[in-house]
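Within every chain, numbering begins at 1; the chains are lettered A, B, ... in the order of the sequence lines, protein sequences first and strands thereafter.
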Number of protein chains: 2
Amino acid sequence: MSPVRVAGAGLTPFGNVPERTGRDLFAEASTIAFEDSGVEREDVEAVFYGNFMGELSEHQGHQGPLMAEAAGVRAPATRYESACASSGVAVRDAVFRIRNGEADVVLVGGTERMTNLGTAGATEALAIAADDLWEVRAGMTFPGAYALMAQAYFAEYGGDREGLAHVAVKNHENALPNEKAQYRSEITVEDVLEAPQVSSPLGLYDSCPISDGAAALVLTSEAYAEEHGLEAPVAITGTGQGGDRMALHDRDYLARSPAASEASEEAYADAGVDAGDVDVAEVHDCFTIAEVLAIEALGLESVGEGISAARDGRTTADGDTPVNLSGGLKAKGHPVGATGASQIAEIAALLAGTHPNSEFVEGATTGVAHNAGGTVASATVHVLEVIP
Amino acid sequence: MSPVRVAGAGLTPFGNVPERTGRDLFAEASTIAFEDSGVEREDVEAVFYGNFMGELSEHQGHQGPLMAEAAGVRAPATRYESACASSGVAVRDAVFRIRNGEADVVLVGGTERMTNLGTAGATEALAIAADDLWEVRAGMTFPGAYALMAQAYFAEYGGDREGLAHVAVKNHENALPNEKAQYRSEITVEDVLEAPQVSSPLGLYDSCPISDGAAALVLTSEAYAEEHGLEAPVAITGTGQGGDRMALHDRDYLARSPAASEASEEAYADAGVDAGDVDVAEVHDCFTIAEVLAIEALGLESVGEGISAARDGRTTADGDTPVNLSGGLKAKGHPVGATGASQIAEIAALLAGTHPNSEFVEGATTGVAHNAGGTVASATVHVLEVIP
């Protein structure tokens with residue numbers, strides 16, 4: 001398959017800016033992406049846009065054309081929604097569109113405005129990613145759902161809160177030099193263990209924050225990048241998507257994520273790589289346990305061993321396969337619709353040597369980005385590689 | 001381009017069933033589609049699902065995996081949203097996926113549950129398809145927006161309410177034999193002109209109803225259809241998408257739909273046909289004026305002449321190019337997320353000779369389906385042809 005070049009990327013700072021609208025955020029991210037890419041807006045042939053809760057937080061649907069306009073682009077635009085994997089699925093269809101020759105230049109991205117809803121409002125809005133009839137009406141929120149998954153993991157494979165705490169500590173440390181990160185503060189294992197409980201066994205520092213933010217990517221075909229002499233050393237070479245039953249009680253596994261496994265198998269095969277080739281990963285750590293499940297699903301750790309990966313230094317910045325060098329959803333923040341595209345931006349920068357944490361992955365050629373929806377009823381995985 | 005076969009289609013009755021959930025509706029539509037197709041559910045490789053207002057009407061996002069489950073399918077699933085063109089964009093990405101060899105069998109469709117919101121609630125929910133900051137907060141609803149477009153059309157090209165009334169009369173007549181239609185009642189031009197005004201010049205019978213319903217399509221590659229000996233004489237041979245500024249005041253035209261023109265030009269070129277080849281059309285007549293703008297945008301009528309097309313019998317069942325033989329959104333109903341897929345189902349049945357109105361298009365080989373989002377800030381057009 002022809003690789004799809006990441007010509008440019010732009011992120012707003014992730015954080016708490018309830019006064020900023022979604023269109024304002026996406027305009028900023030796309031402006032940075034176009035400047036970074038050297039691509040002219042008029043070359044864009046299609047816009048792929050991810051957003052999760054705009055109907056609830058901004059009383060705004062139909063955001064495709066609205067965000068094309070915010071980005072200064074006049075091209076057909078579609079909004080993709082797959083809960084927290086909304087821009088992951090947008091990237092996937094964008095990759096297909098370029099590959100199959102339907103477009104040479106596309107704008108992909110996503111936005112979420114959340115903090116204007118307040119914590120309770122945002123928690124309630126996030127719950128629409130779960131099964132309303134069978135989960136939400138019974139009182140389930142996402143901290144509760146992931147807490148169930150953590151309890152199941154502990155019961156099945158062992159491990160404890162201290163193992164999870166190392167994930168949080170690692171991701172906070174990784175975020176320190178990331179200027180776009182919501183939390184740039186060091187924390188200790190003790191801080192995590194002593195933090196208020198949210199839903200046992202998960203505490204405050206096991207949980208990602210509620211965030212506003214946007215991410216944008218300019219993707220091009222190989223031919224366009226060469227013809228225009230773009231500085232675009234990194235390409236998306238593999239894409240995969242998986243699905244699972246929506247409600248936790250219908251799943252075969254609580255302590256595994258088959259949708260992410262399927263997505264990674266498809267993406268690796270698509271790129272012609274395997275898990276052993278992965279030098280660096282951004283995974284969907286909406287809660288610390290989610291990172292554990294993700295690195296196992298992606299084959300970066302054996303099942304049952306992910307819980308010790310951060311503690312034993314295998315996924316830390318100086319480990320064999322650093323995970324979430326951006327700070328992850330945990331410390332960088334999680335503006336839902338922006339997350340999937342932002343992970344691609346982070347991996348591209350890490351591989352290109354332009355990320356503040358690139359020093360930890362010198363010589364790396366292969367990265368993966370894993371984006372999950374809800375309790376991983378949907379997942380996308382993308383493989384990025386440095387093009388020689 | 002390799003044609004994409006319409007192997008099966010299923011619709012629920014469109015209408016007023018507030019007690020039925022979205023998943024219930026989509027389960028019914030997809031069950032009919034699978035039975036119609038002769039395709040086994042386990043062969044489905046991806047699900048493309050359109051929904052517009054599920055966050056508001058059912059407190060349910062992330063409907064991709066939920067609806068795959070409702071359809072009895074275990075495959076990656078994505079929800080597409082482009083307001084009233086939500087399943088139009090879903091069909092488009094599905095077509096690309098099959099064409100580029102990424103899948104041989106996909107399930108595409110959409111659902112909307114609306115009547116449980118009541119008329120005022122549904123009207124408010126529909127308004128999120130317009131620009132919240134610049135239109136909705138100023139009090140604009142969709143009847144008002146389309147009324148502005150009708151006024152602009154009358155001012156620019158002439159025409160009057162009576163011309164529009166003939167569109168409504170025609171579509172109600174077409175719906176009479178359609179068992180899935182919401183309104184199967186004959187109306188007269190006088191009925192339309194004497195009906196209560198909704199937003200001048202549009203009255204009650206110029207407006208489509210608020211509807212619940214679902215539509216599903218099983219699409220396959222040429223190779224799969226042949227290998228499995230499917231009875232699938234009709235294929236999607238062209239796809240196009242257009243976009244425009246979101247808010248009416250930012251548009252170049254109030255009385256034209258450039259997004260639909262762009263979509264049709266792309267779709268015709270893609271299929272290798274032109275407007276003169278079109279034997280039958282389903283267009284997005286959410287209001288009578290919308291049908292007029294659509295048939296002009298699609299090149300079926302010259303600009304300024306669409307207003308007389310129904311009155312003068314060019315688009316009636318016995319006319320040269322029948323439009324909305326299903327009854328259209330106007331009489332068949334408009335469960336928003338289902339509409340785009342349902343239009344494809346109608347054209348496929350009309351061309352295959354299995355539609356109750358097929359007698360009016362005997363020997364027809366080429367049809368188009370036009371699906372529009374909001375005030376046509378987004379539009380898709382698909383060309384369907386009988387495969388010899």
Side-chain angles (χ1 to χ4, degrees), chain A residues 21 23 46-47 51-56 58-66 68-69 74-84 89 92-93 96-97 99-102 125 127-133 136-137 240-247 250 259 262-263 266 373-374 377-380, chain B residues 21 23 46-47 51-56 58-66 68-69 74-84 89 92-93 96-97 99-102 125 127-133 136-137 240-247 250 259 262-263 266 373-374 377-380:
Chain A
T21 60
R23 64 189 86 185
V47 179
N51 175 261
F52 174 40
M53 60 169 70
E55 291 86 349
L56 302 176
E58 298 205 279
H59 196 251
Q60 185 66 67
H62 206 193
Q63 291 197 14
L66 193 71
E69 191 176 318
R74 194 73 174 256
T78 298
R79 177 246 186 147
Y80 295 77
E81 186 267 315
S82 199
C84 312
V89 293
R92 179 167 164 80
D93 271 319
F96 285 136
R97 200 74 68 90
R99 272 191 189 172
N100 88 36
E102 293 285 343
I128 67 169
D131 187 321
D132 181 63
L133 296 185
V136 183
R137 293 188 189 198
Q241 184 178 0
D244 204 342
R245 301 293 292 266
M246 187 79 156
D250 285 324
E262 286 165 22
E266 184 186 354
S378 63
T380 60
Chain B
T21 60
R23 65 190 85 185
V47 179
N51 175 261
F52 173 40
M53 60 169 71
E55 291 85 350
L56 302 177
E58 298 205 279
H59 196 251
Q60 185 67 68
H62 206 193
Q63 291 197 16
L66 193 70
E69 192 175 318
R74 195 73 174 256
T78 297
R79 177 246 185 147
Y80 294 77
E81 186 268 315
S82 198
C84 311
V89 295
R92 180 168 163 79
D93 271 319
F96 286 135
R97 200 74 69 89
R99 272 192 189 171
N100 88 35
E102 292 286 342
I128 66 169
D131 187 321
D132 181 63
L133 296 184
V136 184
R137 292 188 189 197
Q241 184 179 0
D244 205 341
R245 300 291 293 265
M246 187 79 156
D250 286 323
E262 287 165 23
E266 183 185 356
S378 63
T380 60

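Of the atoms belonging to A68(B), not a single heavy atom falls under 4.5 Å from chain A. Neither the backbone nor the side chain of E262(B) comes within less than 4.5 Å of any heavy atom of chain A. Proximity to chain A (any heavy atom under 4.5 Å) is shown, for V47(B), by neither the backbone nor the side chain. With a 4.5 angstrom heavy-atom cutoff, N51(A) does not touch chain B via any of its atoms. When heavy atoms are compared at a cutoff of 4.5 Å, A130(B) approaches chain A solely by way of its backbone atoms N, CA, C and O. With a 4.5 Å cut-off on non-hydrogen atoms, R74(B) touches chain A through its side chain but not through its backbone.
A salt bridge between R245(B) and E69(A) is present, with a side-chain N of the basic residue lying under 4.0 Å from a carboxylate O of the acidic one. Between E266(B) and R92(B), at least one side-chain N (NZ, or NE/NH1/NH2) sits under 4.0 Å from a carboxylate O, which counts as a salt bridge.
When the options R79(B), E81(B), Q63(B) are evaluated for a side-chain contact (heavy atoms from CB on, under 4.5 Å) with E81(A), the one that passes is R79(B).
The candidate from T78(B), V136(B), V89(B) with the greatest count of non-hydrogen atom pairs under 4.5 Å with chain A is T78(B). For the set A127(B), G242(B), G64(B), the entry with the most heavy-atom pairs within less than 4.5 Å of chain A is G242(B). Among the candidates L133(B), D244(B), T21(B), the residue making the largest number of heavy-atom pairs closer than 4.5 Å to chain A is L133(B). When each of P76(B), G243(B), A46(B) is scored by its heavy-atom pairs under 4.5 Å with chain A, the top score falls to P76(B).
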